[in-house]
Amino acid sequence: MKYDFASIEPKWQAKWQQEKTFATETGSGKPKFYGLVEFPYPSGQGLHVGHARPYTAMDVVARKKRMDGYNVLFPMGYDAFGLPTENYAIKNHIHPAKVTHDNIENFTKQLKMLGYSFDWDRVVNTTDPEYYKWTQWIFLQLYKKGLAYKTTMPVNWCTSCKCVLANEEVVDGVCERCGAPVVRREKSQWMLKITEYAQRLIDDLDELDFIERVKTQQKNWIGRSTGAEVTFKATTGDDIVVFTTRPDTLFGATYMVISPEHRYVKQWADKLENLSTVEEYVAAAARKSDFERTELAADKEKTGVELRGVRAVNPVNGREIPIFISDYVLSSYGTGAIMAVPAHDTRDWAFAKKFGCEIIEVVAGGEDVQKQAFTAKDDTGVLVNSEFLNGLTVKQAIPAITKWLEEKGIGHEQVNYKLRDWVFSRQRYWGEPIPMVWCDKCGWVPLPEEQLPLLLPEVDSYEPTDTGESPLSKMADWVNTTCPHCGAPARRETDTMPQWAGSSWYFLRYMDPHNKQALASRQALDYWSPVDWYNGGMEHTTLHLLYSRFWHKFLYDIGVVPTKEPYHKRTSHGMILGEGGEKMSKSRGNVVNPNDVVAEFGADTMRLYIMFIGDFEKAAAWSAKAVKGCKRFLDRVWNLSEQLADSGAYSAANESAIHKTIKKVADDIEAMKFNTAIAALMALVNDFYANGCSRGDYAAVLLMLSPFAPHMAEELWESLGFAAQRGGQACQQAWPAYDASKTVAAEVNMAVQVGGKLRATITVPLDSEQDAVVAEAMKDPKVRKFTEGMETVKVILVKNKLVNLIVRSKK
RNA sequence: GCCGGUGUGAUGGAAUUGGUAGACGUGACGGACUCAAAAUCCGUUGGGCUAAUCCCCCGUGUGGGUUCGAGUCCCACCACCGGCACCA
């Protein structure tokens, strides 16, 4: 009988669906395992082979965990709000909800076609009002705790999406999604105080089993630095507060720089002798897009203007120093003002050289500071020209000066973060409405919780407006409401939430997806939390992963969830590239469609290949030829079923190899080394071809193969009578038992080295002692040849592995 | 510039973490089967030297080092990939 995947696969998929083979009960005597993959955005293009890699991997893990006796939660859903759907809807005049519905239907079909063991009764969809009701509810809780606020500030504005972006969504000055330039605009936006959680988002990483590069990337993004805030007096009498990580260099501060947006620039306008030049510079800085600003940053050419008419006083020595504005000082970091120490900071040095500022060395130990800044922050430098700090190393001087500043009341230790608050409003239609009402008397009033969900209204046009207002603002019926507080006429917020909102808590909803009273029942949360293993893309490290950790910590603080962190273990997969090793894209014409692969080779081959393709964490190029190799392997497994010896036990010739493979495959799955797990199975099947194969041997291979190629495994399991014999599907069996004692053979092959060079291999009884091994080795003519006339000075024995004879010529 | 990662046959990639480099797959070559091809099965396949699948030598980006022994550890360098970047 031929391996007819085209009829086998739908057969088993239908059976799994009918019998709800993978439905999960909350609560059971078994230990729980919650495996999670990032839910897809249901785009019109359908499932990509890039999706198949992480999904297949976690499916293999989930299936293996079930065989290990775990109660496994392995859910799937759709992150369906977002711009591509909205843009498609605009272009084709179809409602985004309809587009979403159709795309989800297609995705579901494709996911089922690949045989994933999701619990399909727990599907969530972020655009479902029953779901986003709770997204809105979380927002209200954030608002009540003061963590959501509306403010006017310069924001990133995508010129193409006509929408604001979070800092995390701007990459190299362009929109992360569409690549259009991002400019800065003053807009009133809802913000979430993620900065309040900055320290905990760093600290709690220590307890988590995240791969290291995710941890470092998150830490770098949060960007903690410790230093001091110091207050300088301006000649106007105002205080100028600066942040510095080098308070020890305070005596070398020869000028100050404040950002062009700093409030003092306007405040001091009437005192400035060169007001028009200053205003010109401020205007020019404001015009620059983020892209231009990062471009300019690259060549480090400093620009700026001195504020003539106002000066500052260095608090440590009373010296009057000039104040500049320059866009190398950012308004959004620290205090928007710095003390410049050109001798010991490369940026200040470059600026000082250009504008002729004084350079005073206060840390000795480097090159001439007139030629180059000396920035070492360790013990190599010693303080000079700094009165009471002289003679101290930098490391000693920092606490000393900090203490001094505190005593004088002009400074204190300070920690700063690069992380900014999360810009949370979007001026688009297809997102969760923000449940807030503006009342002229009461200000912003949250919608009462019992009025949730606040439904998206039906509109005629979803087009974004050029004015930067949400399309919802044109819906007078919807916008005009009454104040929940005082009953006066009021207006709804018309911005919607960013796509990251729905994905920030979806893993909680899977635990109890149909709950109408809460986002999930406490019982379900207690049972399933936290996610045991979450696999996803590196591109979400500073977006989704950071945002959802923040929300989860907040929910923990208000007593909604039982754990501080949402995910225990986080792993990441590499991208699937096209045949040539380039990124798959329509324009390159190298996109592989999973439907085509499944039609030609079957889902099991597709699954097997995507796991065999290479190191799971690294990018891998698709190879049509290698796909065939995996199909060939499955054919070989299938064909073997027709030549089985009729014994339920492992055959003597294969027993040792079977036990080794059982351990190898289990270990490799746990370590995500799927490629070597499959290689081990291939090697075992090769052994079976060489040695013959019993029914018992074969059953073991079917069980080990079942997480990777479940349809074929089930079909053979059933047709060979194992299902009837052992009861239940292959995926419902226990993982075959591993017996270490069965893996050891009576004899082992050992390498013989002379002077570290391999000269022979010998076969000796297991656990042979040194003398016996050497004696056996000396029987080998090659070994004799290299030891002839030599004196053995040392023998190194690695038991059952290797013996190394160290020789030297006799005197 | 800073942080992280990678570099192994023709090729995708293995290597129990310091112990026989190249598992497994692809490709190539040879054989069996076939009228033939495909499919399948069985071999061979790092380089040099060679009549030889005898020997011997070389070989994991480059140059040093530690060690009985290094793809693996240390130092310096080169190349490529990813992240961050005027963050005081």
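Naming convention: chains lettered A, B, ... in sequence-line order (proteins, then strands); numbering from 1 in each chain.
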Exercise. Is a donor-acceptor pair below 3.5 Å formed from side chain Lys302(A) to base rC86(B), judging by atom type as modelled?
Worked result: yes
Problem set entry | Heavy-atom donor-acceptor pair, Lys801(A) side-chain to rU16(B) base, under 3.5 Å | yes
Any side-chain N or O of [X] below 4.0 angstrom from OP1/OP2 of [N]?
X	N	result
Arg213(A)	rC84(B)	no
Lys215(A)	rC3(B)	no
Asn416(A)	rA88(B)	no
Arg632(A)	rA39(B)	no
Lys757(A)	rA21(B)	no

How far does the [atom1] atom of [N] sit from the matching atom of [M], given to the nearest Å?
N	M	atom1	result
rG61(B)	rU40(B)	C1'	41 Å
rG12(B)	rG27(B)	C1'	11 Å
rU11(B)	rA28(B)	P	15 Å
rC81(B)	rU16(B)	C1'	29 Å
rG1(B)	rG71(B)	C1'	31 Å
rA10(B)	rG48(B)	P	10 Å
rG63(B)	rC68(B)	P	23 Å
rG22(B)	rU44(B)	P	14 Å

Rounded distance (nearest 0.5 Å) linking atom [atom1] of [X] with atom [atom2] of [Y]:
X	Y	atom1	atom2	value
Ile194(A)	Arg420(A)	CD1	CZ	13.0 Å
Arg246(A)	Ile398(A)	CZ	CD1	6.0 Å
Ile338(A)	Phe351(A)	CD1	CZ	8.5 Å

For [N], decide between syn and anti, treating a glycosidic angle within 90° of 0 as syn.
N	result
rC56(B)	anti
rG9(B)	syn
rU17(B)	syn

So if I take every side-chain heavy atom of [X] and compare against [options], which nucleotide ends up nearest?
X	options	value
Val329(A)	rC68(B), rU20(B), rA88(B)	rA88(B)
Ser225(A)	rC55(B), rA88(B), rC42(B)	rA88(B)
Gln217(A)	rG83(B), rA88(B), rU20(B)	rG83(B)
Tyr689(A)	rC24(B), rU20(B), rC41(B)	rC41(B)
Tyr333(A)	rA88(B), rA14(B), rC84(B)	rA88(B)
Ala751(A)	rU20(B), rC24(B), rA14(B)	rU20(B)
Arg636(A)	rG12(B), rU26(B), rC42(B)	rC42(B)
Leu758(A)	rC24(B), rA88(B), rA21(B)	rA21(B)
Leu802(A)	rA85(B), rU20(B), rC68(B)	rU20(B)
Arg759(A)	rC57(B), rU20(B), rG13(B)	rC57(B)

In whole angstroms, how far is the [atom2] atom of [N] from the [atom1] atom of [X]?
X	N	atom1	atom2	answer
Asn220(A)	rC2(B)	CG	P	14 Å
Gln770(A)	rG19(B)	CD	P	19 Å
Leu608(A)	rC24(B)	CG	C1'	11 Å
Gln218(A)	rC84(B)	CD	P	13 Å
Phe674(A)	rG25(B)	CZ	P	20 Å
Glu261(A)	rC86(B)	CD	P	14 Å
Asn686(A)	rG43(B)	CG	C1'	13 Å
Lys631(A)	rU26(B)	NZ	P	13 Å

For this session: Could you tell me whether the side chain of Asp327(A) and the main chain of Ala285(A) form a donor-acceptor pair under 3.5 Å?
Result: no
Using a cut-off of 4.0 Å on non-hydrogen atoms, how would the nucleic acid contact of [X] be classed: base, sugar-phosphate, or nothing?
X	value
Lys418(A)	base
Thr761(A)	base
Asp635(A)	nothing
Thr245(A)	sugar-phosphate
Lys628(A)	nothing
Asp348(A)	nothing
Lys799(A)	nothing

Exercise. Want to settle it: does Phe786(A) or Ile613(A) sit nearer the 5' end of RNA chain B, counting the closest nucleotide to each?
Worked result: Ile613(A)
Seminar exercise, completed: The answer to which of Lys785(A) and Gly336(A) contacts RNA chain B further toward the 5' end, by nearest nucleotide, is Lys785(A)
Problem set entry | Validation row, ring centre Tyr255(A) to ring centre Phe355(A) under 6.0 Å | no
For this session: Report the secondary structure of RNA chain B in dot-bracket form, marking unpaired bases with a dot and bases paired to a different strand with |, and treating Watson-Crick or G-U pairs with both distances under 3.5 Å as paired.
Result: (((((((..(((......[....)))((((((.......))))))(((.......)))..(((((..]....))))))))))))....
Exercise. Hey, does Glu617(A) have a side-chain heavy atom less than 4.5 Å from the side chain of Arg213(A)?
Worked result: yes
Exercise. Hey, are the side chains of Ile576(A) and Met584(A) touching, using non-hydrogen atoms and a 4.5 Å cut-off?
Worked result: yes
For this session: Check whether NZ of the Lys or CZ of the Arg Arg607(A) lies under 6.0 Å from the centre of the six-membered ring of Phe708(A) and within 45 degrees of that ring's axis.
Result: no
For this session: Report yes or no: is the cationic atom of Arg570(A) (NZ for Lys, CZ for Arg) under 6.0 Å from the centre of the six-membered ring of Phe210(A), at an angle within 45° of the ring normal?
Result: no
Problem set entry | Mutual orientation of the aromatic rings belonging to Tyr333(A) and Phe243(A) [parallel < 30°, tilted 30-60°, perpendicular > 60°] | perpendicular
Problem set entry | Aromatic ring pairing His659(A)/Tyr738(A), orientation class (parallel under 30°, perpendicular over 60°, tilted between) | tilted
Exercise. Any chance the side chains of Thr676(A) and Asp668(A) put a donor and an acceptor closer than 3.5 Å?
Worked result: yes
